[in-house]
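Encoded as structure tokens, the structure appears first; notes follow it.
Predicted model only: the values in this text are computed from it and were never measured.
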Amino acid sequence: MAADVQFEEFSVKCKNAIENVCVAWLTEVGGEIAAQTKRRTRVDTGQLKGSWEYVVDKAKLECTVGSPLENAIWEEFGTGEYALKGNGRKTPWRYKDTKGKWHTTTGKRPNRALHTAFQMIEPKARRALEIALKGLK
């Protein structure tokens, strides 16, 4: 005599639960990286410091942290003789600041605020994701 077997499909519920955990984790980690980057950003006018933000793409399960300001690139990678990859201008140049004062410079040292924030948060973030995923039922 054959036993009655009933198959129940839960793959959609499982996938949704995993996605929900991942989106919540991305939101938490993105916010923390953006906040740490703001704390580590050098301040002149405060414009760059206030521009760091994050966006979570739920469809791709990705989080992007950044700033729309060009100065963010210069702060992160440096300029002139201090450029991180050594590809900056090698001769001094002059510029006028927002107050009309002239300056001569050979470049700007990289601050690496975003990189440092990510490096600091990554181990804790990985562990938090492991714990969140293991806690699914």
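- When the side chains of ILVMFWY residues are joined at heavy-atom separations under 4.5 Å, either directly or via intervening members, Leu136 and Phe10 end up in two distinct hydrophobic clusters.
- Using a 4.5 Å cut-off between side-chain heavy atoms of Ile, Leu, Val, Met, Phe, Trp and Tyr, with links allowed through other members, Val55 and Leu61 fall into different hydrophobic clusters.
- Salt bridge status for Glu130 with Arg126: absent, with no side-chain N to carboxylate O gap under 4.0 Å.
- Residues Arg39 and Glu32 come closest through the heavy atom pair NH1-OE2, 4.0 Å.
- Considering only heavy atoms from C-beta on, Lys108 comes within 4.5 Å of Glu75 through its side chain.
- Considering all non-hydrogen atoms of both residues, Glu76 and Pro110 come closest at O-CB, 3.5 Å.
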Under 3.5 Å, which donor-acceptor pairs link side chains of residues 86-96 to any protein atom two or more places apart or in another chain?
unit_1: Lys90; atom_1: NZ; unit_2: Gly86; atom_2: O; d: 2.7
unit_1: Lys90; atom_1: NZ; unit_2: Gly88; atom_2: O; d: 3.3
unit_1: Arg94; atom_1: NH1; unit_2: Thr104; atom_2: OG1; d: 3.2

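- More than 12 heavy-atom neighbours from other residues, nucleotides or ligands sit within 6.0 angstrom of CD on Glu81.
- The heavy-atom pair separating Thr41 from Thr37 by the smallest distance is OG1-O, 2.7 Å.
- Within the structure, ring-ring contact (aromatic ring centres under 6.0 Å, His included) contacts touching residues 49-84 (residues at least two apart or in different chains) do not occur.
- Summarising the local packing, CD of Glu19 is surrounded by more than 12 heavy atoms from other residues, nucleotides or ligands at distances under 6.0 Å.
- Within the 3.5 Å criterion, the main-chain N or O of Ser11 finds a donor-acceptor partner in the side chain of Glu9.
- Counting heavy atoms from C-beta on, the side chains of Asp57 and Thr64 never come closer than 4.5 Å.
- By the side chain to side chain contact (heavy atoms under 4.5 Å, CB included) test, Glu53 is found to be paired with no residue, residues two or more places apart in sequence or in another chain being considered.
- Residues Phe118 and Met120 share a hydrophobic cluster, clusters being chains of Ile/Leu/Val/Met/Phe/Trp/Tyr side chains in contact below 4.5 Å.
- Under a hydrophobic-cluster definition in which Ile, Leu, Val, Met, Phe, Trp and Tyr are linked whenever side-chain heavy atoms come within less than 4.5 Å, directly or via other members, Leu114 and Leu84 are assigned to different clusters.
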